[in-house]
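Written below as structure tokens is the structure these notes are about.
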Amino acid sequence: MTAYSGRGVHGQTVATLGARIVAGEIAEGAVIDLAELGRDLDVSMTVLREALKVLAAKGLVEARQKRGTSVRARVHWNLLDSDVIRWRSEAGDTAAVLRDLAEVRAVVEPAAASMAALRRDEDDLAELDAALADMRTAVGPAAQVAADLRWHRALLRATHNEMLSRMDVFIEPALRLRDALVHEAHDDDPAPSHAVVVDAVRRGAPEEAAAAVSALLDKASSDVAGIIGEKDA
């Protein structure tokens, strides 16, 4: 699920209430007093109910007849939702989010690169090359993050497996968080390590492609570990 794009009072209510739940300020299992919460946030019941519908779609709350609206247990939260990821990070859970991301990527992306090397077509190679070009010319963290995401989407699509190609839905939110941290702290040029992967994919070398992605991911994990360590020091 993509980030909630609501504007104004409605969007602010979603963000404030979601952040409170994820941070534990409103405990799991707690029944929400809508009247009190409305007064606290200074919003109407209509705005509050609409915000709760958004949070229900993210798995954070549920409404039951005669029992009211309550906060669901964490096991039911959509932890892959970009808003939930952001709220976790704001609550001080960044290290855990990034650790989970690294493990998911280590499982998925080397296998995807191997498959891409066997199935890619000229359109796939052109998109990978275009993403590399973006990396080389990107200026500033936002542009660098966008180029990185474009490249990873292109690699997944090059597998020609529809389910794998949609893994960006799960990887993108946390990848965006990780990239923002790394690109703000380091000036390393990411293009050469990504170009090694593209070269292996172009040559139809699945084992080399998988190994190149694994090396890229090891470097990413090392960068993140260094940044988290610096912030904790």
>> Would Arg86 and Glu90 count as a salt bridge (charged side-chain N to carboxylate O under 4.0 Å, His left out) here? Give the steps.
In response: CA-CA 6 Å; Arg86 186 177 71 256; Glu90 291 171 354; 3.8 Å; yes
With a 3.5 Å cut-off and sequence neighbours excluded, list the donor-acceptor pairs that the side chains of residues 98-105 form with protein atoms.
unit_1 : atom_1 : unit_2 : atom_2 : d
Arg105 : NE     : Glu109 : OE2    : 2.6
Arg105 : NH2    : Glu109 : OE2    : 3.4
Arg105 : NH2    : His152 : NE2    : 3.3

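- In this structure, CZ in Arg49 is found 13.5 Å from OG1 in Thr13, a value given to the nearest 0.5 Å.
- Between Ile26 and Ala30, the closest heavy-atom pair is CG2-CB, 4.2 Å.
- There is no path of hydrophobic side-chain contacts, each under 4.5 Å, that joins Leu164 to Leu118.
- A single hydrophobic cluster is seen to contain both Leu55 and Leu37, as judged by linkage of ILVMFWY side chains at heavy-atom distances under 4.5 Å, directly or through other members.
- The side-chain heavy atoms of Thr16 and Leu41, taken from C-beta on, include a pair separated by under 4.5 Å.
- Shown here for Ser165 and Thr159, the closest heavy-atom pair between the two residues is N-OG1, 4.5 Å.
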> Between Met135 and His194, does a side chain to side chain contact (heavy atoms under 4.5 Å, CB included) hold up when you go through it step by step?
Replying inline: CA-CA 9 Å; Met135 284 185 183; His194 289 72; 3.3 Å; yes
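- Between Asp40 and Arg20 there is a salt bridge, since at least one side-chain N of the basic residue sits less than 4.0 Å from a carboxylate O of the acidic one.
- The distance from the CG atom of Leu79 to the NZ atom of Lys58 is 12.0 Å, given to the nearest 0.5 Å.
- Judged purely by atom type and a 3.5 angstrom limit, Glu62 has no side-chain atom pairing as donor or acceptor with the backbone of Ser70.
- Taking hydrophobic clusters as Ile, Leu, Val, Met, Phe, Trp and Tyr residues chained together by side-chain heavy-atom distances below 4.5 Å, Val108 does not share a cluster with Val213.
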>> What verdict does the side chain to side chain contact (heavy atoms under 4.5 Å, CB included) test give for Leu34 and Ile32, after you've listed the backbone C-alpha separation in whole Å, the side-chain angles of each residue and the deciding distance to 0.1 Å?
In response: CA-CA 6 Å; Leu34 298 186; Ile32 298 174; 3.9 Å; yes
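- Between Gly59 and Arg72 the shortest heavy-atom distance is O-CD, 3.3 Å.
- Checked against Glu127 for a side-chain hydrogen bond (donor to acceptor under 3.5 Å, both in side chains), the options Arg150, Arg153, Arg120 give a single hit: Arg150.
- Side-chain atoms of Asp124 come within 3.5 Å of backbone atoms of Asp121 as a donor-acceptor pair (strictly under, hydrogens ignored).
- Hydrophobic clustering (ILVMFWY, side-chain heavy atoms < 4.5 Å, transitive): Val145 and Leu132 are in distinct clusters.
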>> Show, in sequence, the C-alpha distance, side-chain angles and deciding distance for Leu156 and Arg166, and conclude whether the side chain to side chain contact (heavy atoms under 4.5 Å, CB included) test is met.
In response: CA-CA 8 Å; Leu156 291 171; Arg166 292 310 308 274; over 6 Å; no
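- Once rounded to the nearest 0.5 Å, the distance linking NZ of Lys219 with OG of Ser214 reads 15.5 Å.
- A donor-acceptor pair under 3.5 Å links the side-chain atoms of Ser221 to the main chain of Leu217, judged by distance alone.
- Placement of Leu155 and Leu149 in two distinct hydrophobic clusters is found when ILVMFWY residues are connected by side-chain heavy-atom separations under 4.5 Å, directly or transitively.
- Scanning all heavy atoms of the two residues, the minimum distance from Ala209 to Ala117 falls at CB-CB, 4.3 Å.
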> Given the rule in the salt bridge (charged side-chain N to carboxylate O under 4.0 Å, His left out) test, do Glu50 and Lys53 qualify, once you have shown the distances and angles that lead to the verdict?
Replying inline: CA-CA 5 Å; Glu50 289 301 313; Lys53 287 180 182 178; 3.2 Å; yes
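- The main-chain N or O of Asp218 is never found under 3.5 Å from a side-chain atom of Ser222 such that the two would form a donor-acceptor pair.
- Minimum heavy-atom separation, Leu80 to Ile85: O-CD1, 3.9 Å.
- Listed by chain and residue number, nothing satisfies the salt bridge (charged side-chain N to carboxylate O under 4.0 Å, His left out) test with Arg67 (two or more places apart in sequence, or in another chain).
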>> Set out, in order, the CA-CA distance, both residues' side-chain angles and the distance that settles salt bridge (charged side-chain N to carboxylate O under 4.0 Å, His left out) for Asp168 and Arg157, then state yes or no.
In response: CA-CA 9 Å; Asp168 68 326; Arg157 285 196 297 268; 5.6 Å; no
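- A salt bridge links Asp129 with Arg202: the distance from a Lys NZ or Arg NE/NH1/NH2 to an Asp or Glu carboxylate oxygen falls below 4.0 Å.
- Nearest approach of His10 to Ala51, heavy atoms of both residues: CE1-N, 3.3 Å.
- Around CG of Asp42, the count of heavy atoms belonging to other residues, nucleotides or ligands within 6.0 Å does not exceed 12.
- Counting only heavy atoms from C-beta outward, the side chains of Asp134 and Trp151 never approach each other to under 4.5 Å.
- No donor-acceptor distance shorter than 3.5 angstrom exists from the side chain of Trp87 to the backbone of Ala23, with no hydrogens or angles considered.
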>> I'd like to know whether Leu52 forms a side chain to side chain contact (heavy atoms under 4.5 Å, CB included) with Leu17, so could you lay out the CA-CA distance, the side-chain angles of the two residues, the decisive distance to 0.1 Å, and finally the verdict.
In response: CA-CA 8 Å; Leu52 288 169; Leu17 187 51; 3.4 Å; yes
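- Every residue two or more places apart in sequence or in another chain that forms a salt bridge (charged side-chain N to carboxylate O under 4.0 Å, His left out) with Asp199 is listed here: Arg203.
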